[in-house]
Amino acid sequence: MIEVKHLTKRYGGHTAVSDLSFEIDKGVIYGFLGPNGAGKSTTMNIITGCLGATEGEVLVDGHSVSEEPMEAKKRIGYLPELPPLYTDMTPEEYLRFVAEAKGVSRKEQAEQIAAIMEKTGITQVSHRLIRNLSKGYRQRVGIAQALLGKPEVIILDEPTVGLDPAQIIEIRDLIRELGKEHTIVLSSHILSEVQAVCDSIMIISGGKLVASDTTENLTRRFAGTQTLRLEADADEKTMRKVLDRVDGIASVEVKPEEKESTVLLVKAEEDKDIRAKVFKAFAKENVTLLEMTTVHADLEDVFLELTQSDAPAQSETAAQAPDTAEEEKTGEEEAQ
């Protein structure tokens, strides 16, 4: 559906995106993650044709964004982090304006707008001024404009930022529903949101793609050595004495718990499965093992492992990235 090939974006002497390549398949909800300054917004702006690349190309359904911008853009609906709304219009007036801008025929406008307002849940506020709508409804109007023209790909940049918990749940449900008919690319800083909504995840750091896979595969790949959470009806000293007799243990640490029982985190040596040995050791010493569970890595663990080493660089990146269109233009002139 979308092919990003050796994409590079420089602002003067600063490289925001470096030789980035990936593919987005049809009918999948993608999570696009990265720390601040990693190049996420730059990449999305290049894909949507809002920003030119220094090197490389983007193909949307075989159409080059740089060489066939109209054909490429008509296949993409885009919701920036700040929705491009005209607050002195009603949602219906605004959607009619966007439909005209996107070249939707007059014959199809009324039908498309009515269907999209129903799908995004804004029909009941369609005649109220946008400036009088809540943040949640404004986000829905922003998503609605992205759907006009029946694009195959919907790109959403931080669609739930600033929303209350109830509104976040509503927008997440809407994104899942849209994923049944569209390819979705979702950028978000809320990792639990990405994990709950997305089928596949791409993580970018320092302008480069550092991981691309399903959540399950990513967490499995970065789980590392086996870690067990042990809860027993015994004190720490007794538990450690039992564990001293088990081969294959790399480390043992106490996990503070608001319980009468003691909880330890036991990490095995690489490629060792120590569960059976631990169970038998506690049984042999007649110490009651209340619970033994394997601790799995979550998306946050994966994200930190892949991006934390670049944290200082990311802060510098964020500071150097242009804040205005004029700075961006100046940077491009310097690069030339």
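Hydrogens, waters and symmetry mates play no part in the numbers below; they use all other heavy atoms, side chains included. Because the structure is predicted, anything quoted here is derived from the model rather than measured.
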Which residues share a side-chain contact (heavy atoms from CB on, under 4.5 Å) with Asn286, sequence neighbours left out = none
Is any NZ, NE, NH1 or NH2 atom of the basic residue among [X] and [Y] found under 4.0 Å from an Asp or Glu carboxylate oxygen of the other?
X      : Y      : result
Glu177 : Lys119 : no
Arg140 : Glu170 : yes
Arg275 : Asp273 : yes
Arg10  : Glu55  : yes
Glu100 : Arg96  : no
Arg176 : Asp173 : yes

Single-linkage hydrophobic cluster, 4.5 Å side-chain cutoff, [X] and [Y] together:
X      : Y      : result
Tyr78  : Leu186 : no
Phe282 : Phe279 : yes
Ile168 : Leu33  : no
Ile190 : Ile201 : no
Ile143 : Ile76  : no

Are the side chain of [X] and the backbone N or O of [Y] linked by a donor-acceptor pair below 3.5 Å?
X      : Y      : answer
His189 : Glu158 : no
Glu152 : Arg75  : no
Lys277 : Val246 : no
Lys208 : Asp19  : no
Lys102 : Gln145 : yes
Thr183 : Gly27  : yes
Tyr30  : Asp25  : yes
Glu93  : Thr90  : yes

Work out which heavy atom in [X] is nearest to a heavy atom in [Y]; give both atom names and the distance.
X      : Y      : answer
Leu218 : Ala211 : CD2-CB, 3.8 Å
Ala268 : Ile274 : CB-CD1, 3.9 Å
Gly149 : Gln112 : N-OE1, 3.0 Å
Glu253 : Arg240 : CA-NH2, 4.1 Å
Met44  : Ser187 : CE-CB, 3.5 Å
Ala99  : Gln109 : CB-CG, 3.9 Å

Note, [X] side chain near [Y] side chain (heavy atom, < 4.5 Å):
X      : Y      : value
Phe303 : Ser205 : no
Thr48  : Lys73  : no
Val197 : Ser188 : no
Leu59  : Ser64  : yes
Val141 : Pro83  : no
Asp235 : Lys241 : no
Lys40  : Asp157 : no
Val302 : Ile203 : yes

Residues, nucleotides or ligands: over 12 heavy atoms within 6.0 Å of [X] [atom1]:
X      : atom1 : result
Gln124 : CD    : yes
Glu81  : CD    : yes
Lys150 : NZ    : no

Going through the checks in order, is the side chain to side chain contact (heavy atoms under 4.5 Å, CB included) test met by Ile47 and Ile2?
-> CA-CA 9 Å; Ile47 290 174; Ile2 295 180; 4.1 Å; yes
Please work out which of the three classes, parallel, tilted or perpendicular, describes the rings of Phe97 and Tyr86, given edges at 30° and 60°.
-> perpendicular
Can you tell me how far the CE atom of Met1 sits from the CD1 atom of Ile24, to the nearest 0.5 Å?
-> 9.5 Å
Have a look at Leu20 and tell me which of Thr42, Ile204, Thr8 forms a side chain to side chain contact (heavy atoms under 4.5 Å, CB included) with it.
-> Ile204
Please name the residue in the list Asp244, Leu264, Val263, Val266 that meets the side chain to side chain contact (heavy atoms under 4.5 Å, CB included) test with Met239.
-> Leu264
Step-by-step side chain to side chain contact (heavy atoms under 4.5 Å, CB included) determination, Glu111 to Val104 = CA-CA 11 Å; Glu111 182 180 347; Val104 179; over 6 Å; no
Stepwise side chain to side chain contact (heavy atoms under 4.5 Å, CB included) check, Glu92 with His127 | CA-CA 7 Å; Glu92 187 172 359; His127 298 295; 2.8 Å; yes
Would you check, one step at a time, whether the test side chain to side chain contact (heavy atoms under 4.5 Å, CB included) holds for Glu285 with Arg245?
-> CA-CA 10 Å; Glu285 297 299 322; Arg245 297 168 185 168; 2.4 Å; yes
Would Ser251 and Lys267 count as having a side-chain donor-acceptor pair, cut-off 3.5 Å?
-> no
Do we see a donor-acceptor contact under 3.5 Å between the side chains of Glu193 and Thr160?
-> yes
